[in-house]
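For reference, the structure discussed in these notes is given below.
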Protein chains: 2
Amino acid sequence: MATQEQNTLLVAANKLRSNKIKNTPQRQVILSYLMTSHAHPSIEMIFKYVRTNGFSVSLATVYNTLQLFVDHNLIIEIAADSGGHMRYDYFETPHYHVICVNCNKIVDVFDDTYKENEKLATKKTGYRILNSQYEVYGICPDCQKKIDTKISV
Amino acid sequence: MATQEQNTLLVAANKLRSNKIKNTPQRQVILSYLMTSHAHPSIEMIFKYVRTNGFSVSLATVYNTLQLFVDHNLIIEIAADSGGHMRYDYFETPHYHVICVNCNKIVDVFDDTYKENEKLATKKTGYRILNSQYEVYGICPDCQKKIDTKISV
DNA sequence: TTGTTATTGAGAATTATTATCATTTAAATC
DNA sequence: GATTTAAATGATAATAATTCTCAATAACAA
Ligand SMILES: [Mn+2]
Ligand SMILES: [Mn+2]
Ligand SMILES: [Zn+2]
Ligand SMILES: [Zn+2]
């Protein structure tokens with residue numbers, strides 16, 4: 001009987017096959033991690049995840065693999081981290097991101113009305129539109145509590 | 001009689017004053033450049049602009065100044081450049097950006113309906129919303145011609 | 001299997017960004 | 001206008017992020 005981990009690796013392997021990307025253990029585990037994680041991880045988080053899960057990987061391979069997935073429109077890059085790090089997200093179902101400017105926590109909102117703007121973008125600019133991304137910045141509930149406490153003291 | 005350049009420097013100086021930011025020649029010229037340019041320049045472009053216009057400036061000051069302006073919500077950062085460079089934009093009137101994935105050209109669309117999504121974001125996430133950014137990716141008309149020509153040859 | 005070609009990975013090289021701190025400057029006060 | 005003081009500048013050092021190199025390895029088509 002297959003474990004959950006083995007199962008997500010198989011799902012990832014199939015996704016790679018259907019995108020005509022050569023299967024490697026590194027690619028499978030990185031893709032399966034992005035498919036199941038809600039953390040919107042950074043390069044460093046992905047690198048650590050792969051190694052702590054018993055796979056060998058180099059930082060160069062993480063960079064190469066993520067670029068490959070971006071080029072295939074499997075994942076998106078989010079410039080969310082005030083530390084200047086990119087964050088990565090499996091992007092099958094259109095959604096947008098709400099990002100805490102204090103702690104960098106990213107949450108999803110599964111609503112695709114923002115995509116409506118692509119029509120006007122085409123008309124106004126003549127660009128051939130490929131995709132679009134929407135990011136909302138604010139303070140998450142946890143950080144609101146911390147900040148409000150700090151102010152009232 | 002004031003030249004156009006002197007005039008935009010004065011406008012920038014007033015903007016700094018009204019934001020209680022200490023006036024320096026470097027800050028004035030960087031802000032006036034961002035206010036009048038439609039290029040959405042990178043750090044390097046800003047650095048060169050300031051120097052070629054007869055002002056002394058260091059790269060450190062460009063970085064510091066842009067961070068200061070971002071913190072004061074005078075400008076926004078756009079992670080647009082496939083070369084990994086940030087681009088900067090004076091952001092008084094809400095608008096969004098259409099970015100060519102081939103040549104990195106950025107054009108404005110002055111329509112703020114994308115901001116409507118902020119309401120749902122608050123309701124769904126509990127975040128206290130500060131601002132939001134929308135980016136559309138595609139191929140600009142010039143690059144469409146080049147690419148289509150290449151294919152047909 | 002075997003052969004071909006693409007991928008991996010360790011470390012070097014490069015590039016981007018931030019930190020340091022002596023010098024200079026803005027602007028508030030006299 | 002001169003004095004004062006805190007803040008800004010800038011040359012360069014330090015750090016961190018990303019890309020490059022290329023020999024060894026692995027995928028997979030035939
Ligand atoms: Mn997401
Ligand atoms: Mn703009
Ligand atoms: Zn937070
Ligand atoms: Zn273009």
Would you say B:Gln26 reaches C:dT25's phosphate, i.e. side-chain N/O to OP1/OP2 under 4.0 Å?
-> no
Whole-Å gap separating C1' (C:dA16) and NE2 (A:His85) = 12 Å
Whole angstrom is fine here: how far is it from CZ in A:Arg27 over to P in D:dA27?
-> 11 Å
Candidate nucleotides D:dA17, D:dT9, C:dT8, ranked by approach to the side chain of B:Thr65 - the nearest = D:dT9
d(CZ, A:Arg87; C1', D:dA17) in whole Å = 16 Å
B:Ser56 side chain near D:dG10 phosphate (N/O to OP1/OP2, under 4.0 Å) = yes
Can you check the B:Asn64 CG to C:dC21 C1' distance for me, whole Å?
-> 13 Å
Any B:Thr24 side-chain N or O less than 4.0 Å from OP1/OP2 of D:dT9 = yes
Pick base, sugar-phosphate or nothing for A:Asn23, based on heavy-atom distances below 4.0 Å to the nucleic acid.
-> sugar-phosphate
Do the ring planes of A:Tyr134 and B:Tyr134 sit parallel (below 30°), tilted (30 to 60°) or perpendicular (above 60°)?
-> perpendicular
Length of the CZ-P vector between A:Phe47 and D:dT19, whole Å = 16 Å
State which of C:dT8, D:dA6, D:dA27 makes the closest approach to the side chain of B:Lys22.
-> D:dA6
If only atom types and distance count, is the side chain of B:Asp111 paired as donor or acceptor with the main-chain N or O of B:Thr113 below 3.5 Å?
-> yes
Would you mind reading off the distance between B:Leu59 atom CG and D:dA11 atom C1', rounded to a whole angstrom?
-> 11 Å
Looking at B:Ser58, does any N or O in its side chain come under 4.0 Å of the phosphate oxygens OP1/OP2 on D:dT9?
-> no
B:Tyr90 and B:Leu34: which non-hydrogen atoms are nearest, and at how many Å?
-> CB-O, 3.3 Å
Check the distance between D:dT18's C1' and A:Gln67's CD and give it to me in whole angstrom.
-> 11 Å
Side-chain heavy-atom pair A:Glu92, A:Lys15 within 4.5 angstrom cut-off = yes
How long is the line joining CD1 of B:Ile30 and P of D:dG10, in whole Å?
-> 9 Å
Search all heavy atoms of A:Gln144 against all heavy atoms of B:Gly126 and return the closest pair with its distance.
-> NE2-O, 2.9 Å
Using only side-chain N and O atoms of B:Tyr63, determine if any of them is under 4.0 Å from OP1 or OP2 of C:dT18.
-> no
Of the listed nucleotides D:dT12, C:dA10, D:dT9, the one nearest the side chain of A:Arg51 | C:dA10
